[in-house]
Each structure stands twice: as C-alpha cells, then as structure tokens.
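The chains referred to below are lettered A, B, ... by the order of the sequence lines, with proteins before strands, and numbering in each begins at 1. All values below come from the heavy atoms of this structure, side chains included, with hydrogens, waters and symmetry mates left out.
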2 protein chains.
Amino acid sequence: MTRPTMADVAARAGVSRALVSLVMRGSPKVSAQRRQAVLRAAEELGYSPHAMARSLASRTSTLLGVMVSDLHNAFFAEVVDGLEEVASDRGFELIINTGGRRAARERRAVASLLSFRPAGLALLGPVVAASVIADAAGSTPVVLVARSCRLSTVDSINDDGRVGSGLAVNHLVRLGHSRIVHFDGGSGSQAAQRRRGYVAAMRAHGLEPVVLHSEYTDTAGARTVARLLERFDPLPTAIVAANDVNAIGAISALDAVGLRVPGDISVIGYDNTSLSALAHIGLTTIDQPRHDMGRLAAEALLQRVRHGRTAPVHHLLRPTLVERASTAAPPGRPARGRRQGGAG
Amino acid sequence: MTRPTMADVAARAGVSRALVSLVMRGSPKVSAQRRQAVLRAAEELGYSPHAMARSLASRTSTLLGVMVSDLHNAFFAEVVDGLEEVASDRGFELIINTGGRRAARERRAVASLLSFRPAGLALLGPVVAASVIADAAGSTPVVLVARSCRLSTVDSINDDGRVGSGLAVNHLVRLGHSRIVHFDGGSGSQAAQRRRGYVAAMRAHGLEPVVLHSEYTDTAGARTVARLLERFDPLPTAIVAANDVNAIGAISALDAVGLRVPGDISVIGYDNTSLSALAHIGLTTIDQPRHDMGRLAAEALLQRVRHGRTAPVHHLLRPTLVERASTAAPPGRPARGRRQGGAG
DNA sequence: GTGAAAGCGCTAACAG
DNA sequence: CTGTTAGCGCTTTCAC
C-alpha cells in the first residue's frame with residue numbers, strides 16, 4: 001500500500017536522489033546511460049512522482065480549481081468538458097466542487113479549492129458576491145464563466161445572448177416573417193439579454209417587437225401559447241422561444257390546437273440541447289459554444305500562469321444558428337430557397 | 001500573491017507554530033483564550049491551511065480521484081454529482097479526469113490521478129483492462145461504477161438492467177397487455193441485460209418474447225417501428241424500448257402513421273432522462289438511481305478509508321418505474337384502475 | 001554531469 | 001496544555 005519514493009529508485013539504480021529528480025523532470029543534463037538506468041528502476045518499482053510533494057517543493061501547482069454552480073446542468077457539464085480537455089492536454093488536473101447556487105456554500109467551496117493552492121480557479125456560473133471573487137483573485141488567477149463582473153483582476157467568458165436572439169430574428173426575417181413574437185425567460189439567467197437582443201433586432205428591421213412573459217420550462221411555453229391564441233388575431237407567424245424546452249412546450253401546444261410547425265407558425269429555440277437534435281423534434285435553435293467556453297476559460301488561466309499575462313481578458317462569444325425543421329417561410333409565402341421545412 | 005503560513009499566524013498571535021496547528025485541526029487541548037487569539041490572527045491574515053502540505057505531513061489525503069469515461073454523458077454527470085455531494089459533506093474534494101472511452105487515455109488519466117495519492121479512486125464506466133484496475137487498487141481503494149469486474153479488491157456499483165426491463169414488462173402485463181415486444185439496444189452498454197430481463201419476465205408471465213434489433217437512438221426507434229408495421233399483424237399492443245430516445249423515435253413514427261400512444265399502443269422507455277419528463281412527451285420509463293450510485297460509490301470509498309473495510313462490496317441497484325402518460329390498458333380493454341393515460 | 005544540504009508548509013511524537 | 005524536534009517526498013541552489 002505504501003508506494004516507493006525517489007530514494008528507493010535512487011538506491012535501486014545506484015545513483016543519488018537528485019539524479020532521479022532530474023530524470024523525472026526530463027532534464028537534458030543527464031547521460032543517456034544513467035537516464036536509462038533510472039527509468040528502468042522506476043519502472044520495475046512502479047514508481048511515479050508524488051505530485052503533492054513535487055508541488056510543495058517547487059512552489060508550483062498543476063491543479064486547476066473549478067467551482068461549478070450546478071454540475072447537473074448540461075450547460076456546465078460541457079463547459080467542464082472543455083476545461084478538462086485543455087487542462088489535461090497541458091498537464092493540469094481539475095479539482096472540482098459545486099456550490100449549488102447558494103452563496104454560502106459557494107464561498108466554502110471556493111475556500112476549499114483555494115486550500116489546495118491551485119494554479120488557477122474557474123468559477124462557473126457563480127452567485128457569490130464580487131468581493132469573494134476579488135479575494136480569490138488575490139491569491140490565484142481567476143476566470144469567470146457565465147457571469148460577468150468587470151473586476152480588473154479576473155477574466156471572463158460569456159456568450160452574447162443579444163447576438164443570439166438577433167440571429168434568430170434575422171433568420172426569421174430572411175424567411176419572410178414579420179409578425180415575430182418573443183417568449184422570454186422571465187428572470188432566468190441570460191433572459192434579459194436575449195430579450196434585449198430580440199427587441200433590438202426587431203427594431204433594426206423596422207418591425208414591432210412583442211414580448212410575452214414566459215419561463216425556461218416546457219409548461220410555460222405551452223401556457224404562453226395559450227395566451228397567444230387568446231389575444232392575437234391575426235396570430236404571429238413566428239416565435240422566438242426563451243430556450244429549447246420552452247420551444248418544445250410551445251410546439252406541442254400549437255400542435256394540440258391543430259397549428260402546424262413550421263407550416264402555420266415557425267418556432268425557434270435557444271441552447272441547442274441534445275433535445276433539439278432529435279429528428280422527431282428537429283428544432284431550429286441557437287447554439288452556445290459551451291465546449292469552447294470551457295477551453296477558453298482554461299486557456300485564460302494558463303496564460304496567466306505560464307505567460308504571466310496580467311491584463312484581464314473578457315471573451316464575449318458569438319452563438320450560432322442551427323437550422324433544423326421548425327422554421328420555414330410564413331404561410332402563403334414561398335420559401336426563399338434556403339430550405340423546405342418538414343420534420344425529419 | 002504569496003499566502004501567509006502557519007509561522008506568520010503564530011508570530012502574530014504570539015504563540016508557537018504547534019499551537020496554531022492544534023487550533024487549525026480543532027484539537028480540544030487548547031485553552032479557549034489562546035484558540036481565540038490564534039483564530040483572530042488567522043482571520044486577520046486571511047490564513048487558511050495549505051492542504052497539500054498538510055496532506056504530505058500527515059500522510060493522509062482528502063482527495064478522491066474520479067476518472068469519468070465521458071463527462072458529456074448526462075448519466076455520468078449525475079453520478080459525479082452524487083459523488084461530490086457525499087465527498088464534500090465529509091470534507092473531501094474531487095479531482096476529475098476523463099478517459100474518452102479509450103484504454104490508453106484512461107490509463108494515463110488513472111496514473112495522473114494516482115500521482116496525487118488520492119484517498120480513493122472512482123472509475124466511472126471505464127474500458128481499461130482489469131489488470132489496470134487491479135494495479136490501481138494496489139495503492140488506493142477503488143470503486144467501479146457502471147462496470148462490473150469481480151476483483152476481490154475493488155467495490156462496484158451497478159444498476160440491474162434485468163430488473164429494470166422486468167419492471168417494464170410487469171407494468172404492461174398489469175395493464176392487460178400480452179403482445180409486448182422489445183426494441184433492444186444492440187451492442188450498447190447494458191443492452192444485453194435489458195434484453196435478458198425482458199425475455200425472462202415475458203416467460204415468467206407465460207408470454208412469448210419478441211425482440212427486435214434496434215439501437216440507442218431516436219432514428220433507430222423509428223426504423224424499428226417501420227419494421228414492426230411491416231411484419232406484425234396483429235400489431236403488438238406495447239413496446240419496451242431500448243431507452244428514452246429510442247422510445248421517442250418510436251412514438252413519433254407511430255404518430256406519423258396515425259397510431260396513438262398510448263391509445264393504440266403503449267411505449268415505455270428506459271433511463272428517465274430529463275427528456276422523458278417533458279409534459280409534451282410524458283414518457284413512462286425506468287429510472288436508474290444515478291445520483292444514489294454516485295453517493296454509494298463515495299461511501300464505498302470512504303468506508304475503506306475511514307473504517308478500514310477490506311471486504312469488497314458490490315451494489316446492484318434496483319431501478320424503478322416512473323409512470324407517465326405513454327402507457328395505458330391495451331385498446332378494447334378497460335384500464336384496471338391504475339391510471340387513465342392521456343398526455344399531461 | 002553529480003551529490004550534499006536546505007528547505008516547501010505542515011503534522012506528529014515527545015518532553016516540559 | 002505548550003514548545004521542540006523530526007520528518008513527509010520532492011526540488012533547488014551550490015559546490016565538486
């Protein structure tokens with residue numbers, strides 16, 4: 001159960017401990033012969049350097065702390081995936097925590113990560129006060145994902161919700177729509193930006209924005225459709241939904257009253273969850289580059305660690321439109337050649 | 001950027017370093033007065049113990065290594081969530097890796113985790129050879145999740161796919177079905193067990209099992225329905241699908257030819273993904289206790305670490321049936337009181 | 001190139 | 001209860 005140490009390897013190879021250390025770190029100043037001997041001894045003993053001892057002695061760390069507000073959430077899981085990819089690529093490991101979107105727990109989680117003196121710290125969707133973030137940034141590089149906070153000492157990676165909604169509107173306008181409504185995400189995260197993006201894009205096209213209050217759930221999407229049916233005549237020809245599940249709820253409610261998507265009304269989601277890719281659903285939606293966000297977060301950290309960057313970077317990523325089968329030209333108007341609609 | 005050490009705290013509080021150490025570890029043999037003084041000094045300096053140094057000196061670890069075959073997968077993300085919950089509850093942190101289902105990468109990932117000398121190691125859905133697992137188990141407690149491997153030195157947590165399919169069949173039989181077919185998951189993970197469970201349960205009821213080859217995708221579900229329509233007359237009254245997405249594909253294909261679910265045919269999924277809970281879909285399905293699997297994995301590790309357990313434990317968890325709207329009595333036969341069907 | 005010595009920040013006996 | 005003395009396993013000068 002107790003693993004061999006450097007001394008064991010040195011003894012076995014008949015060299016000093018320092019030599020073993022040099023070999024383990026791949027130093028060029030070791031004769032090929034001795035290097036072989038050391039490597040063989042290590043191999044035979046099943047030796048591998050003790051990362052913590054190394055870290056303590058060298059005053060460096062290969063640990064990146066990650067505080068995830070909610071791992072359960074597919075969004076963050078993918079961000080972590082991206083983080084992990086570049087981290088492991090560069091020889092770093094992730095030490096992960098969750099904060100459950102509660103400030104007190106997040107504070108403890110951050111403190112716990114900091115106790116390992118990580119090389120950097122990524123905070124994914126944190127809700128803690130900016131002061132806590134600033135504090136942490138005092139002892140290690142910090143990058144924020146899905147949380148903006150323009151402290152001069154921390155980096156941040158966000159996607160641009162305004163751009164995303166704008167893409168949705170532009171796509172619909174290009175298809176020939178003009179009566180386009182937005183089901184918003186209420187007070188949910190990013191909802192305000194998506195709403196603003198929608199309004200701005202509509203105005204830019206000289207169209208009248210209509211925002212219906214909704215939420216990030218399928219039942220809310222369905223309820224909002226009910227309100228739509230009650231109050232609007234003529235009905236709009238397109239809906240920019242709060243997110244994918246909201247869109248699914250809307251589509252099923254439309255379906256229930258005999259309105260076809262996209263034949264009678266086009267619907268566009270947001271998030272490009274795995275849900276939207278199901279052939280049965282074929283939801284046109286806006287994709288956030290989650291994986292890239294994770295990669296960029298890791299890179300931001302590593303730049304500070306390895307290249308000593310000190311000026312903050314704030315990435316605002318462009319979401320992209322993923323066109324599937326839930327959008328088409330409005331009824332009575334021929335499609336302008338981009339696609340035919342019709343579920344897969 | 002360089003954080004205060006124990007010596008700084010000791011100096012500031014006017015005591016010895018040893019005393020600070022005792023206070024930090026919550027030893028009872030310190031006068032309340034001095035404890036206060038130390039705590040205050042620590043607070044003022046923003047001191048918190050260096051976890052790695054502590055670990056090195058005490059020859060103990062508060063790190064649990066986790067090798068995830070694929071974080072992208074919602075199944076594992078939830079298992080990690082469960083692990084994290086009990087780990088952080090007991091003062092442990094998770095250090096996470098992914099292996100991408102490739103043996104070579106997984107081997108490196110495991111080695112990297114081991115270099116931190118974690119208190120335990122959880123392998124989620126690993127594909128590495130048993131020898132690698134046995135090796136790892138030689139230096140730290142190991143628990144396997146979603147991978148059985150009856151080494152006498154490692155624990156394992158799996159769900160019982162046979163039981164799950166059995167639950168599905170029993171549920172349908174109870175509703176009055178007798179022509180029940182299974183769309184299987186081909187060579188996918190767990191598919192064989194689910195198939196066996198289906199066959200065994202059918203036989204137990206004196207019914208003829210019919211397995212149609214399929215896959216864990218929605219398009220495969222739809223294709224398999226097409227085959228069903230071609231070859232079976234009369235049609236079966238119920239389908240035990242390979243998993244949730246397969247079920248969704250099947251339902252949409254049935255829908256396309258005018259067959260109602262559950263009016264004409266009942267469909268039951270497997271996995272209870274967030275998908276199935278959408279009101280629009282309302283899929284009756286089998287739930288695997290993913291979160292509990294994570295909790296149990298962490299607990300298995302901690303039992304070995306803290307209570308010195310040495311005999312292996314192998315948990316085989318019972319999945320449960322989640323009844324929603326995609327199953328009902330077969331056509332022409334009154335429901336036997338359990339539920340009415342009809343989408344939410 | 002190579003070995004000896006001095007820590008990294010902390011814990012763990014052990015005497016006072 | 002408190003301070004002293006050794007390390008944990010490794011890296012890092014710094015002479016040889």
Side-chain angles (χ1 to χ4, degrees), chain A residues 1-39 41-42 45-63 91 112 114-119 139-140, chain B residues 1-39 41-42 45-63 91 112 114-119 139-140:
Chain A
M1 215 67 174
T2 171
R3 309 194 32 157
T5 94
M6 216 148 142
D8 300 323
V9 178
R12 185 170 184 116
V15 299
S16 75
R17 288 177 25 209
L19 207 245
V20 177
S21 174
L22 288 178
V23 171
M24 282 330 204
R25 281 175 290 143
S27 160
K29 19 168 120 183
V30 177
S31 70
Q33 201 172 138
R34 299 217 156 180
R35 156 166 286 121
Q36 282 313 315
V38 169
L39 255 21
L45 258 32
Y47 169 80
S48 89
H50 189 306
M52 290 198 177
R54 167 176 285 184
S55 177
L56 187 60
S58 65
R59 270 141 294 205
T60 62
S61 170
T62 57
L63 238 31
S112 179
L114 253 23
S115 77
F116 284 87
R117 308 294 188 265
S139 62
T140 192
Chain B
M1 213 72 171
T2 173
R3 309 195 31 158
T5 93
M6 216 148 144
D8 300 323
V9 178
R12 185 171 181 109
V15 300
S16 73
R17 288 177 23 208
L19 208 242
V20 177
S21 174
L22 288 177
V23 170
M24 280 336 214
R25 281 176 288 146
S27 160
K29 16 168 122 183
V30 177
S31 71
Q33 201 171 140
R34 301 217 152 183
R35 156 165 285 121
Q36 282 314 314
V38 169
L39 256 21
L45 258 34
Y47 169 81
S48 88
H50 188 307
M52 290 198 178
R54 167 177 285 183
S55 177
L56 187 60
S58 64
R59 270 141 295 205
T60 62
S61 169
T62 56
L63 237 33
S112 180
L114 252 24
S115 77
F116 284 88
R117 307 294 188 268
S139 62
T140 192

Quiz item: Is the closest side-chain heavy-atom distance between A/Met52 and B/Arg117 below 4.5 Å?
Solution: no

Practice problem: Residues of residues 50-57 of chain B with any non-hydrogen atom less than 4.0 angstrom from an atom of DNA chain C: list those, numerically ordered, please. | Solution: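 The stretch gives B/His50, B/Ala53, B/Arg54, B/Ala57 as the residues lying under 4.0 Å from the strand, ordered by number.
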
Compare the minimum distances between each of [options] and the side chain of [X], then state the nucleotide with the smallest one.
X: B/Ala18; options: D/dG9, C/dA12, C/dG1; value: C/dA12
X: B/Ser58; options: D/dC10, C/dA12, D/dT12; value: C/dA12
X: B/Met6; options: D/dC10, C/dG3, C/dT11; value: C/dT11

Within less than 4.0 Å of OP1 or OP2 of [N], is there a side-chain N or O belonging to [X]?
X: B/Ser16; N: D/dG3; answer: yes
X: A/Ser21; N: D/dC10; answer: no
X: A/Arg25; N: D/dT12; answer: yes

Practice problem: Go ahead and write out DNA chain C as dot-bracket, 5' to 3': ( ) for pairs within the strand, [ ] for ones crossing earlier pairs, | when the partner sits on another strand, dots for unpaired; Watson-Crick or G-U wobble, both distances under 3.5 Å. | Solution: |||||||||||.||||

Self-check item: Residue pairs, two or more places apart or on separate chains, that pass salt bridge (Lys or Arg N to Asp or Glu O under 4.0 Å) and touch residues 6-25 of chain B
Solution: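 Every pair satisfying salt bridge (Lys or Arg N to Asp or Glu O under 4.0 Å) with a residue in residues 6-25 of chain B: B/Arg12-B/Glu44.
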
Quiz item: What does B/Arg34 touch in the nucleic acid at a heavy-atom separation under 4.0 angstrom: a base, only the sugar-phosphate, or nothing?
Solution: sugar-phosphate

Practice problem: For A/Arg17, report the nucleic acid contact type (base, sugar-phosphate, nothing); a contact means any heavy atom under 4.0 Å. | Solution: base

Exercise. Using whole Å, report how far CG of B/Leu19 lies from C1' of D/dT4.
Key: 13 Å

Practice problem: Please figure out whether B/Val30 or B/Arg59 has its closest DNA chain D nucleotide nearer the 5' end. | Solution: B/Val30

